[in-house]
A.B. asks: 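If you scroll down you'll find the structure; I have some questions about it.
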Amino acid sequence: MPSRSFIIPASDPFSFDECRWFLDRGFDECMHTILPGRVRKLIPLPGNPVLADLREHPDGIEATLLEGKDATGTEAALRAYVQDWLAPQEDILPFYARLSKVPALAYMPAAFGGLRLIGIPDLFEALAWSIIGQQINLRFAYRLKRRMVERWGESYETGGEVYHLFPQPAVMANADPAELRAMQFTGRKAEYLIGVAQQFASGNISKSSLLALPGLEARRRALTDLRGIGIWSANYALMKSIRDATCIPHGDAGLLNALLSHQLIADKSDHPSMEKLYRRFKGWESYLVAYLWRSLAVKS
DNA sequence: GTCCAGGAAGAAA
DNA sequence: TTTCTTCATGGA
C-alpha cells in the first residue's frame, strides 16, 4: 500500500515532542511505539485498524498511514481519533494564563510548553488501566498491562515491530481469572477487570451511553456503580477518556506528591488549600492534574 | 526490614 | 458516616 501523509493542524502552543515524551516517560508502554521524533500506533478505527506514524510538523502533526485500509472516511476518522487522543487543536492559552498567576506553577508554560492532556479514547481501556494501576507503582502496572494486552489483544506485526490493540471487552469477559492471577494480577483485580468487561460486552455500559447521560454526577455514578471502579478510577476515566475538563482524581498518590513538592498544600489532608487551588483552575482542573503529573517526571 | 505505589470493597466502629 | 482491614507485589 502506498503510504499517504496529511497534516493535522495544532493551535499554538503545541509541542509534539512534549506529548511524545509523555507518551513514553521511560515506561514499558505496549499501546504505542516511541521512535526518535515520532510515535507509531495501531489505531482502532471502527472496523478498520490502521497503523499510523505521527511526527512533528510546523503546522501541527504529520500523520502517515503505514498499514491498513485507506478507505473513504479513513482520514477523517484518523483525524478525529488523534484529536481525541492528543487534542492538538485545543486552545490551552486560557490554562497558561491561570498557571502564570500561581507563583509555584508559573514556570510550567515554559518548562512543559505545548503539552496536551494525553487521552485514552477507549473507555474500556481507560477503566481497565485505572484498575490495573490501583495501589501499585506505575512500572509494575505497565508490566501487568503488557501481559494482558499480549495475551488477549489483537496484534499486528510489521517491520520487525509488533503493534497491539487493547483487548476487546467481549474477549476479556471470557478470560480465566486464574490466568490473570498467574500474571500477578491480584484476585480482586482479575474479578474487577472481567466484571467491567462483561458490563461492556453485555451493552450495559458504553462510551456513547455514558456521554448520553446528563451531567457529570450521573456519569460519575454510572462508573462507580461498576465493581472495582471507585471515585478515583471514575474521575480518571472521565478525565482521560471523556476529556472532562473539570474532573480531578482526588487522592491520587502522584497528584498529592506533586501538590506537596510545589508547596501548594501543607500535607496530604490539606483539603482547603486544594479546593482553593482548584477554584483558580475552574474548567481546567484536568489540565492542572496533567501538568502536575508531568512535573513528577524529570525529563532526561 | 520498612514504607509507599496514579485504590477499592467489605467489615467494623 | 467514618475508619479499619485486606488484597498482593515491586521498587526505593
Side-chain angles (χ1 to χ4, degrees), chain A residues 19 21-31 112 115-120 122-149 166 177-199 205 220-244 246-262 264-265 267-269 271 274 277-278 281 285-300:
Chain A
C19 295
W21 183 84
F22 191 85
L23 285 166
D24 179 12
R25 286 184 290 169
F27 291 119
D28 181 28
E29 174 63 74
C30 60
M31 297 308 295
F112 314 136
L115 172 68
R116 290 295 188 277
L117 192 165
I118 307 297
I120 303 175
D122 179 350
L123 178 61
F124 174 64
E125 180 182 343
L127 290 170
W129 178 228
S130 78
I131 290 170
I132 294 169
Q134 287 168 9
Q135 193 60 19
I136 57 175
N137 65 73
L138 274 179
R139 193 164 300 281
F140 183 43
Y142 275 100
R143 212 153 64 224
L144 293 179
K145 181 171 80 166
R146 175 177 285 282
R147 289 172 187 161
M148 171 178 159
V149 168
F166 199 75
E179 215 174 329
L180 282 164
R181 185 69 194 85
M183 293 176 181
Q184 294 181 289
F185 286 75
T186 66
R188 283 181 186 171
K189 286 187 181 181
E191 289 174 19
Y192 297 164
L193 284 168
I194 293 169
V196 169
Q198 288 170 343
Q199 293 298 307
I205 188 167
R220 203 149 27 202
R221 171 61 67 87
L223 293 178
T224 54
D225 279 350
L226 299 167
R227 185 161 181 272
I229 302 301
I231 188 63
W232 175 85
S233 295
N235 283 320
Y236 180 85
L238 288 165
M239 171 182 165
K240 298 283 275 189
S241 190
I242 308 297
R243 303 190 71 88
D244 188 303
T246 65
C247 269
I248 302 164
H250 292 284
D252 177 87
L255 174 59
L256 291 175
N257 283 333
L259 290 170
L260 273 175
S261 70
H262 287 82
L264 290 162
I265 57 176
D267 57 64
K268 292 185 177 181
S269 60
H271 299 293
M274 290 183 220
L277 176 68
Y278 294 142
F281 284 85
E285 291 93 329
S286 63
Y287 257 88
L288 175 60
V289 172
Y291 271 59
L292 285 169
W293 278 341
R294 169 64 181 86
S295 75
L296 290 169
V298 179
K299 190 170 183 175
S300 56

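Just so we're on the same page: letters track the sequence lines, and every chain starts at 1.
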A.B. asks: Check I131(A) against G228(A) and note the closest heavy-atom contact, atom names and distance.
C.D. replies: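 Shortest heavy-atom contact: CG1-O, 4.0 Å.
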A.B. asks: What is the ring orientation for H250(A) with Y278(A), classed by angle as parallel under 30°, tilted 30 to 60°, or perpendicular over 60°?
C.D. replies: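 H250(A) and Y278(A): perpendicular rings.
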A.B. asks: CD1 of I194(A) versus C1' of dA8(B): gap in Å, rounded?
C.D. replies: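 Atom-to-atom, I194(A) to dA8(B), this comes out as 17 Å.
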A.B. asks: Just the rounded figure in Å: distance from C1' of dG7(B) to CG of L255(A).
C.D. replies: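 About 14 Å, once rounded to whole Å.
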A.B. asks: Give the rounded distance in Å between these two atoms: CG of L223(A) and P of dG7(B).
C.D. replies: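 Result: 17 Å.
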A.B. asks: How many whole angstroms separate atom CD1 of I229(A) from atom C1' of dG7(B)?
C.D. replies: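 After rounding, the gap between these two atoms is 10 Å.
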A.B. asks: Can you name the side chain to side chain donor-acceptor pair (under 3.5 Å) partners of S241(A), sequence neighbours left out?
C.D. replies: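 Result, side chain to side chain donor-acceptor pair (under 3.5 Å) vs S241(A): none returned.
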A.B. asks: Provide the full list of salt bridge (charged side-chain N to carboxylate O under 4.0 Å, His left out) pairs with a residue in residues 222-242 of chain A, sequence neighbours left out, each pair given once.
C.D. replies: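 Residue pairs with at least one partner in residues 222-242 of chain A: E191(A)-R227(A).
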A.B. asks: Is the distance from OP1 or OP2 of dA8(B) to the nearest side-chain N or O of S233(A) less than 4.0 Å?
C.D. replies: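 Yes, S233(A) has a side-chain N/O under 4.0 Å of OP1/OP2 on dA8(B).
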A.B. asks: Reading DNA chain B from 5' onward, which residue's closest nucleotide shows up sooner: W129(A) or Y192(A)?
C.D. replies: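 That would be W129(A).
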A.B. asks: At 4.0 Å (heavy atoms only), tell me whether L292(A) reaches a base, stays on the sugar-phosphate, or touches nothing.
C.D. replies: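 Result for L292(A) = nothing.
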A.B. asks: Answer yes if the side chains of R143(A) and Q184(A) hold a donor-acceptor pair under 3.5 Å, and no otherwise.
C.D. replies: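 No pair is found: no donor N or O on one side chain lies under 3.5 Å from an acceptor on the other.
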A.B. asks: Roughly how many Å is it from NZ in K268(A) to P in dG7(B), rounded to a whole number?
C.D. replies: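 These atoms are roughly 10 Å apart.
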A.B. asks: Heavy atoms under 4.0 Å is the rule here; annotate nucleotides 7-12 of chain C 5' to 3' with B where the base is hit, S where only the sugar-phosphate is, and - elsewhere.
C.D. replies: BBSBS-
A.B. asks: Below 4.0 angstrom from OP1 or OP2 of dC4(B), is there any side-chain N or O of N257(A)?
C.D. replies: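 No, no such contact exists.
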A.B. asks: Salt bridge or not between E29(A) and R146(A)? Use side-chain N to carboxylate O under 4.0 Å.
C.D. replies: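 Looking at R146(A) together with E29(A), the answer is no, because their closest N to O distance does not fall below 4.0 Å.
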A.B. asks: For DNA chain B, whose closest nucleotide is more 5', that of L226(A) or that of G133(A)?
C.D. replies: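 Closer to the 5' end of DNA chain B: G133(A).
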